[in-house]
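Here is the structure we will look at.
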Protein chains: 2
Amino acid sequence: MEKINIKSLAEELNLSISTVSRALHDSYEISAETKKRVVELATKLNYVPNHHASSLRSKKSKMIAVVIPEVADSFFAQAINGIESVAQENGYHVLIYLTHESLQKEQAILKDFQCGRVDGVLMSVSAETTGALHIKELMAKGIPLVFFDRASDEVETARITTDDLKSSYAATQHLLESGCQKIALLSVSDSLSISNERMAGYKQALLDHHLSFNTADIVLCTNNEEQNLQRMISLLQNSNRPDGIIATVEKLTTSVYLACHSLQLSIPNHVKVISFSNLQSALLLNPSLTTITQPAFEMGRSAATLIFKSLKNKNFNLKGERLVIPSRLDIRSSTVT
Amino acid sequence: MEKINIKSLAEELNLSISTVSRALHDSYEISAETKKRVVELATKLNYVPNHHASSLRSKKSKMIAVVIPEVADSFFAQAINGIESVAQENGYHVLIYLTHESLQKEQAILKDFQCGRVDGVLMSVSAETTGALHIKELMAKGIPLVFFDRASDEVETARITTDDLKSSYAATQHLLESGCQKIALLSVSDSLSISNERMAGYKQALLDHHLSFNTADIVLCTNNEEQNLQRMISLLQNSNRPDGIIATVEKLTTSVYLACHSLQLSIPNHVKVISFSNLQSALLLNPSLTTITQPAFEMGRSAATLIFKSLKNKNFNLKGERLVIPSRLDIRSSTVT
DNA sequence: TTTATATGCGGAAACGTTTGCGTAACAAAT
DNA sequence: ATTTGTTACGCAAACGTTTCCGCATATAAA
């Protein structure tokens, strides 16, 4: 089968290349009849435009990138669905890039974007990320970027977040009101804005209840599950172990539950657990898990909507855009005795 | 900042464009010294090659696509990680495309690939997929494709699967040996090879235990969770409800558990449940879930390895390639009284 | 009739690479 | 002294589009 491109269409129809191109783009300069002829032959010959050529020429790739730490996290999975739904409406493709919480990978990915591979970027920064030069560098090349959930404070651009401080406050308060005296906060980073927010809410709630904030109650976890489990176990077999735990990241929940199981500690009797999580199965856990449920899908949708606004309207400025969509506290058995 | 490309590098260095290009590709035709000069200036000026231009010219995109039904499924999430790990080793990018179990979307995606957007495709077909013209058409364009997990029987190409029939047999046998008399099989398709395999294993196990196979015990579910839940409820409140359930898709588990909860049916006393699932939290469910655990990561790795083999060696034929990686039966409380 | 104004289309450059072919310089072999 | 070979590089075409111009022809306004 000979290759079928605009040129061959043009020859077949006795038209010029430019006319065919315009006809396919439904240009006003082309008569209805010609358009019809072109489109008919194109569909008949199953013409598929070469994306690389058009991107090269037009400097538009019709693709946006989603850069996230993990895909095996229900928050991100749902957010992707939200993003995809908007992208589809706009005729865009979505590329998903995983950093696995590694700053180095994040840098490599963004660097690659400088070649114009994508028109815009939606991003949730990795836990390791501290600096922001790689992000600024990308934006300096004129590629719009919108943060969702995990934003970098050092970069001036749109961010879609949830009310982390408030939710964390609510979670802490809920534990305190359920009788907890010593609450541990499991975090995955001490530099992420989102982590700081959640920590601040936690702190504030403690203070408002006349309890002192203790640095030792903040447990910094890693990306290594085995390690995290060990950390949980040593935390919980300590003589003055916490009687309440807040997991600020979904996957840490598993470690907590496993640790409790193996140590024969009862949730919620010995220790109450609450987690930032969108797990469908939270309701089905043993015991069912109290969660801060984030508006993942909506956050994805909003972030995507914003990036398209900026792509369509070049003088639309993302800088000031802030959207905070509230999370929900779903109280279940893991915090109720 | 003026645009920095091969041409500007060449001018700056008093070299020709071709020499710079070759130097950057570490061609043997270029002296070590020249290479060094080029690379140094390139990194100094932060040169990023234009991917569209090189793809257009070289007809290689250095990208592979992963086409899957959902990302909110731990099997696919883990498989993606496996694929990514191999892609990274080969200097390739991974694009993730979601069909949401829709044949129409799947067709649109593959059609788009015809423009050479990606060099190869890894795919798990959607539940709706019956025909295979869109797949054959893509492969006819010379783009290699490897199935993983869900394959189409109508297409002659490599496939990485797990031992579905055997696992399903083992699951059914396990339920029978645990005392079940009437086992329902929840499926998501009646055309998918994988579904047929799982059904065949189920059937065979029944026959081997001198039980009759009953079509009414096969429950075909959809992509609509609410609907599935209703279906589970009506299944379980039936007078002769099953005392054993095999969910062939992870997300159906939630519906089963929810239905049992709402109907006050005890798992495993009233009904035993086993699911094809890679959920981390299977162990933590109430009760903990017996699963057929699939080698998701390994399947992803193997599929990716195969596609790269074919990309590197054009006369390597994918047709005959078959790899079956065994799943594991993890017996937990949901099937043990 | 002349002058504007659309309308519909073609020519050709440009986007940033890769790559086949050509060739100058020099060394080695005849 | 000539041939052969090697090394290191340059020229220019090609990849498939998009898009800026230009240019007819036709119709309307002057």
Side-chain angles (χ1 to χ4, degrees), chain A residues 1-39 41-42 45-63 112-117 119 141-142, chain B residues 1-39 41-42 45-63 91 112-119 141-142:
Chain A
M1 172 171 15
E2 55 166 321
K3 53 192 83 176
I4 146 85
N5 51 26
I6 275 201
K7 193 173 167 188
S8 61
L9 287 182
E11 279 169 5
E12 181 84 12
L13 291 165
N14 276 325
L15 288 171
S16 77
I17 291 181
S18 45
T19 302
V20 175
S21 173
R22 277 188 267 254
L24 290 172
H25 284 83
D26 201 28
S27 162
Y28 68 98
E29 303 190 69
I30 306 298
S31 72
E33 196 199 357
T34 308
K35 278 181 193 171
K36 198 180 154 213
R37 285 178 62 215
V38 172
V39 171
L41 185 67
L45 295 186
N46 201 13
Y47 166 70
V48 180
N50 184 309
H51 160 259
H52 300 302
S54 71
S55 293
L56 173 60
R57 177 59 227 243
S58 66
K59 311 239 172 222
K60 300 260 148 271
S61 68
K62 284 279 178 185
M63 310 209 274
D112 176 74
F113 290 167
Q114 289 187 22
C115 82
R117 191 188 286 275
D119 295 344
K141 296 260 178 185
Chain B
M1 171 169 19
E2 53 164 324
K3 53 191 83 176
I4 147 85
N5 52 26
I6 274 201
K7 194 175 167 189
S8 61
L9 287 183
E11 279 168 6
E12 181 82 13
L13 291 164
N14 276 325
L15 287 172
S16 76
I17 290 181
S18 47
T19 303
V20 174
S21 173
R22 278 188 263 254
L24 290 171
H25 285 84
D26 201 27
S27 162
Y28 68 96
E29 301 190 68
I30 306 298
S31 71
E33 196 199 357
T34 307
K35 279 181 192 169
K36 197 179 155 214
R37 285 178 61 213
V38 172
V39 172
L41 185 67
L45 296 185
N46 203 13
Y47 164 71
V48 180
N50 184 309
H51 159 259
H52 299 303
S54 70
S55 292
L56 173 60
R57 177 59 227 243
S58 67
K59 310 240 173 220
K60 299 259 149 272
S61 67
K62 284 279 177 183
M63 308 210 274
D112 176 75
F113 290 167
Q114 289 187 22
C115 82
R117 191 189 285 276
V118 295
D119 295 344
K141 295 262 178 183

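No hydrogens, no waters, no symmetry mates; every other heavy atom, side chains included, goes into these values. We name chains A, B, ... by the order of the sequence lines, and we start the count at 1 in each one.
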- Task: Could you check whether the rings of B/His51 and A/His52 sit parallel, tilted or perpendicular, using 30° and 60° as the cut-offs?
- Result: perpendicular

- From A/Arg117 atom CZ to A/Cys115 atom SG, the distance as rounded to the nearest 0.5 Å: 5.0 Å

- Message: A/Ile4 and side chain to side chain contact (heavy atoms under 4.5 Å, CB included): which single residue from A/Asn46, A/Leu41, A/Leu45 fits?
- Response: A/Leu45

- Query: How would you list all residue pairs meeting salt bridge (Lys or Arg N to Asp or Glu O under 4.0 Å) that involve residues 8-21 of chain A, not counting sequence neighbours?
  - Reply: none

- With the sugar-phosphate defined as primed atoms, P, OP1 and OP2, and the base as all remaining atoms, what B/S/- string results for nucleotides 6-13 of chain D, 5' to 3', for protein heavy atoms under 4.0 Å? --BBBBBB

- List DNA chain D stems (3 or more consecutive Watson-Crick/G-U pairs, under 3.5 Å)? C:1-30 with D:1-30

- Task: Determine which pairs satisfy salt bridge (Lys or Arg N to Asp or Glu O under 4.0 Å) with at least one residue from residues 19-33 of chain B, sequence neighbours left out, and list them in order.
- Result: B/Arg22-B/Glu29, B/Asp26-B/Lys35

- Flag the pair B/Leu13 / B/Val38 as yes when at least one side-chain heavy-atom distance between them is below 4.5 Å, and no otherwise. yes

- Query: So how far is it from A/Ser55 OG to A/Met63 CE, rounded to the nearest 0.5 Å?
  - Reply: 6.5 Å

- Query: Got a second to check how far B/Ile30's CD1 is from B/Leu24's CG, nearest 0.5 Å?
  - Reply: 10.0 Å

- Outer limits of DNA chain C sitting under 4.0 Å from a non-hydrogen atom of chain B, read 5' to 3', are C/dG16 to C/dG20

- Message: Quick check: do A/Phe113 and B/Val48 have side-chain heavy atoms less than 4.5 Å from each other?
- Response: no

- Counting any heavy atom closer than 4.0 Å, what does B/His52 reach on the DNA or RNA strands: base, sugar-phosphate only, or nothing? nothing

- Note on the structure: Residues at least two apart in sequence or cross-chain that pass salt bridge (Lys or Arg N to Asp or Glu O under 4.0 Å) with B/Arg57, listed by chain then number, are none

- Base, sugar-phosphate, or nothing for B/Ser21, non-hydrogen atoms under 4.0 angstrom? base

